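Below you'll find the structure, written out as structure tokens, and then a few comments.
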Amino acid sequence: MTTEQSDATDGGGPAGSTTNGDTRLPAEAVGTDGTTAAPATDGAAARAATKDQPAAKPAGGDGPAAARTGAGNGASGVDPHSAATRDEPIAAPGDGAATAAHDGDSARKAGKAATTGQAGKAGATGKDAPAAGTEKADPWSAFGPAPDPVLTRPRRAVRAVGRFLVHESTLSVVAALALAVLLTWPTLRYPLYTLPQDYWDPSLQSWQMAWSGHILLTDPAQLWHSNTFFPEQWSFAFSDTLLGYAPAGMIGTGPEAAVLRYNIMFVLAHALATFGAYALARQLGAGRIGAAVAGVSYAYAPWLLAQAGHLHIVSNGGIPLALAMLARGHGWSLRYGYRPERRHDGWAYAGWMVAAWQLSLGFGIGLPFAYLLAGIVLVSAVVWFTRRWLVRPGKRPFGSRLLLADLIGGTLFAAVGVLLAVPYFKVAELHPNAERTIGDIAIYSPPASGFFTAPAESRIWGGLHEGARATLPWHPEMTLLPGFVLYALAAGGLFFSVWRLRHRLLLLAGVLATMALAMGTRFFGGTFTYVPLFEHLPGWNGLRTPGRMMLWTTLLLGLLAAGAVTAFAARVRELAAERVPPWPGPWLRLATLLPLLLVIVEGLNTTPHPVVPVQPAVMRNVDGPMLVLPSSQNLDQPVMLWSTSRFQDVVNGGSGFTPDTLAHVRELTLGFPDQPSVDYLRILGVRNVVILRGQLAGTPWERIVDNPVDGLGITREEVGDAVVYHL
């Protein structure tokens, strides 16, 4: 493509148009001097002059000037060895009648006559051209474009598939999946038997996915009244539910299927986070490498390695993906501003649906996202009103269809949020001890040093930061390092970036604000940051770990870094254009990839993958309601996983808080079997008590299997390594 064509294409016109966007006139309508020739009025053939007759200027005042026009009698001659061979347009007659060598039958005959050396004779005598079949073929026809081949349906399908496979979206999805498998390894090495980080919270979340899939297929009305924490109601809302993963929970049964499902979703969650942040950065105007830096830093920031056991925190890819879709639907980007011609209500609908799905995974990170979207909607409404009625009366900056999409999509998102919030408000009403206090927030609020401290799971920094972690009161939630490479790239992005200065300052303000929120009560007591939100925003008092606000800090830092890397890559291309030949050498290509490689290296992990305790055979045979001893927060979570074979009711359960009933059961059963504990369990409706011998050591229930059962009206049965008491 020539420079002129490239400029025209960038300007919005087709390739080959003039640089100012005007469409070129056809060759047959332009003279060699660049002027426009008038079209022929009578459709007659051009009278050709003899080859050696010089071209004369047109008669005064008759028509526009044209190259090589005949003056005397109004006939024009064309020299095929001058005009044609120089790719110059054919001239028009001096009397104002323009002709072209390929326009009309008569023009073709005149061209053939000129080719055979009879142009002068034909023009002078006016005789007809030679009969069909006797003239020679036009030699210039070989230079014409070949006709487009007619593709068959299979070939069209193959081409469509090929275009799909090489599309940027497809390649980025494949790259995100491959990177997720590598950077979460060895999650998929033994996916049936191991879980990342530990087997406590991951066991709980494996059960959550299994329960939602099972109950939605069998009895959807009982979704929120799970088989755990018997006889409590609304027990599925005792923690974040991962309800959006329910379709996956419909596949397979039993603990092994639940563990496999968890590991697969764990890897896919990282892939979605990478792709979502990449899509958002691209939509905002970053280049491919810059967007890749944003995607990788968002999904594999060192602080997130400490959250490997919390799938509801790792599952954050819907946030940037929904924002990218909404921005694309509204034709807006950070780099190019608002472009109404790029609006598309379909993307807006998709963005709202993804946002609703993200919210269904849990309020832990979904609630701040919901408030962010509410703020965006409020600002957008003010902007729309201002432009519609004040700045440009009569204009509609968003369009009615897009406005309708926002109304429908926003209503859907709000409805999902309200329906999901109802069970949690019910739990707060029934269990006052579940409510968080400012004191609870203070326990998990990290100091400023946490922003520069990596968790033990970081392969690069874990060992080096061991001393720094020892100074943190609760280091699993206080090691908040997003990456030193990311810090450096974001700092560079403040001075060298494709983003405008005001956008860089807004991103910096967002970084500082979210860091202040992440510190909870450690930032001047949280008086002007976290505490007002805790006291006045509905649902905010359920967020006990402020450090998870670091998710937003990481995303904003990634966007700042993407701007810097994009500007750097553009500068490298400029330097490469000065080379001969104009192609970047290996060192220049490596220089553009270096930021991405450094971010990937800093995201490497040493996350442990312990083996999940094997399900006791008794869990497949004993009916519920049942109690499994010993019982504690950590011990009960594998019990929840074991119950996925039959989903019988169990008193056991582990979540963000312990209901009073379960706490009372644990206290009374320390002397089991005795009359008080047996009577209380019968009142609750418990039919069987299972004691797991292999877990008794070191617990308060260590010697209960030796207690007699005489006079209690219960029977005892040995089932493998377990003891079953039938009440």
Side-chain angles (χ1 to χ4, degrees), residues 196-198 200-202 204-205 208 237-242 269 273 298 301-316 319 358-359 361-372 421 424 427-428 433-458 469 471-482 513-523 525-526 529-535 537-555 607 633-634 637 654-658:
Q197 191 77 12
D198 53 56
W200 299 315
D201 282 354
L204 161 66
Q205 293 169 336
Q208 287 174 328
F238 284 0
S239 58
D240 280 341
T241 62
L242 295 174
Y298 178 74
W303 76 273
L304 277 170
L305 298 177
Q307 304 293 328
H310 301 142
L311 184 58
H312 61 297
I313 304 300
V314 175
S315 300
N316 52 52
I319 292 176
Q358 176 67 59
L359 188 62
L361 294 178
F363 286 109
I365 60 173
L367 189 66
F369 178 47
Y371 279 116
L372 173 70
Y424 289 92
V427 169
N433 61 317
E435 185 177 354
R436 314 295 185 191
T437 65
I438 291 295
D440 296 328
I441 304 302
I443 294 175
Y444 294 98
S445 296
S449 61
F451 297 123
F452 303 95
T453 306
E457 292 80 4
S458 173
R469 286 194 302 273
T471 64
L472 300 176
W474 183 247
H475 67 82
E477 296 290 350
M478 296 183 179
T479 50
L480 302 180
L481 175 68
T514 52
M515 278 185 165
L517 288 175
M519 293 180 66
T521 59
R522 293 290 187 112
F523 187 79
T529 54
Y530 204 89
V531 173
L533 302 180
F534 183 89
E535 293 178 345
L537 287 185
W540 201 275
N541 56 1
L543 308 179
R544 67 173 181 175
T545 49
R548 292 171 183 175
M549 290 297 296
M550 197 64 187
L551 188 72
W552 297 96
T553 306
T554 307
L555 181 60
T607 303
Q633 171 79 8
N634 290 339
Q637 289 170 335
S655 69
F657 78 101
T658 301

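Given the structure is predicted, the values throughout are model-derived calculations rather than measurements.
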Specify the closest pair of heavy atoms between [X] and [Y], including all atoms of both residues, with the distance to one decimal.
| X | Y | value |
| --- | --- | --- |
| Q358 | F369 | CG-CD2, 4.2 Å |
| G526 | P532 | O-CD, 3.4 Å |
| P368 | M549 | CG-SD, 4.0 Å |
| L359 | A370 | CD1-CB, 4.4 Å |
| M550 | A518 | N-CB, 4.2 Å |
| A308 | Q197 | CB-OE1, 3.5 Å |

Atom [atom1] of [X] and atom [atom2] of [Y]: how far apart are they, to the nearest 0.5 Å?
| X | Y | atom1 | atom2 | value |
| --- | --- | --- | --- | --- |
| M478 | T471 | CE | OG1 | 10.0 Å |
| Q205 | Q637 | CD | CD | 8.5 Å |
| N316 | L555 | CG | CG | 9.0 Å |
| R522 | Y530 | CZ | OH | 14.5 Å |
| S315 | L242 | OG | CG | 6.0 Å |
| R544 | T437 | CZ | OG1 | 11.5 Å |

Is the backbone N or O of [Y] less than 3.5 Å from a side-chain atom of [X], with the two atoms forming a donor-acceptor pair by type?
| X | Y | result |
| --- | --- | --- |
| D240 | F363 | yes |
| Y298 | W552 | no |
| Q307 | I313 | no |
| T545 | G547 | no |

ask   = Between W540 and Y371, how do the two ring planes meet: parallel, tilted or perpendicular, split at 30° and 60°?
value =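 The arrangement is tilted - the two ring planes meet at 30° to 60°.
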ask   = Please walk me through it: do T453 and T479 pass side-chain contact (heavy atoms from CB on, under 4.5 Å)?
value = CA-CA 5 Å; T453 306; T479 50; 3.9 Å; yes
task = Under the side-chain contact (heavy atoms from CB on, under 4.5 Å) rule, what do W303 and T554 come out as? Steps first, then yes or no, please.
result = CA-CA 10 Å; W303 76 273; T554 307; 3.0 Å; yes
ask   = Going through the distances and angles, do I443 and W474 end up as a side-chain contact (heavy atoms from CB on, under 4.5 Å)?
value = CA-CA 8 Å; I443 294 175; W474 183 247; 5.6 Å; no
request  = May I ask you to test the M515-F523 pair for a side-chain heavy-atom distance under 4.5 Å?
outcome  =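 They are not in contact (no side-chain heavy atoms under 4.5 Å apart), so the answer is no.
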task = Any chance you could lay out the side-chain contact (heavy atoms from CB on, under 4.5 Å) test for H312 and I365, step after step, and finish with the verdict?
result = CA-CA 8 Å; H312 61 297; I365 60 173; over 6 Å; no
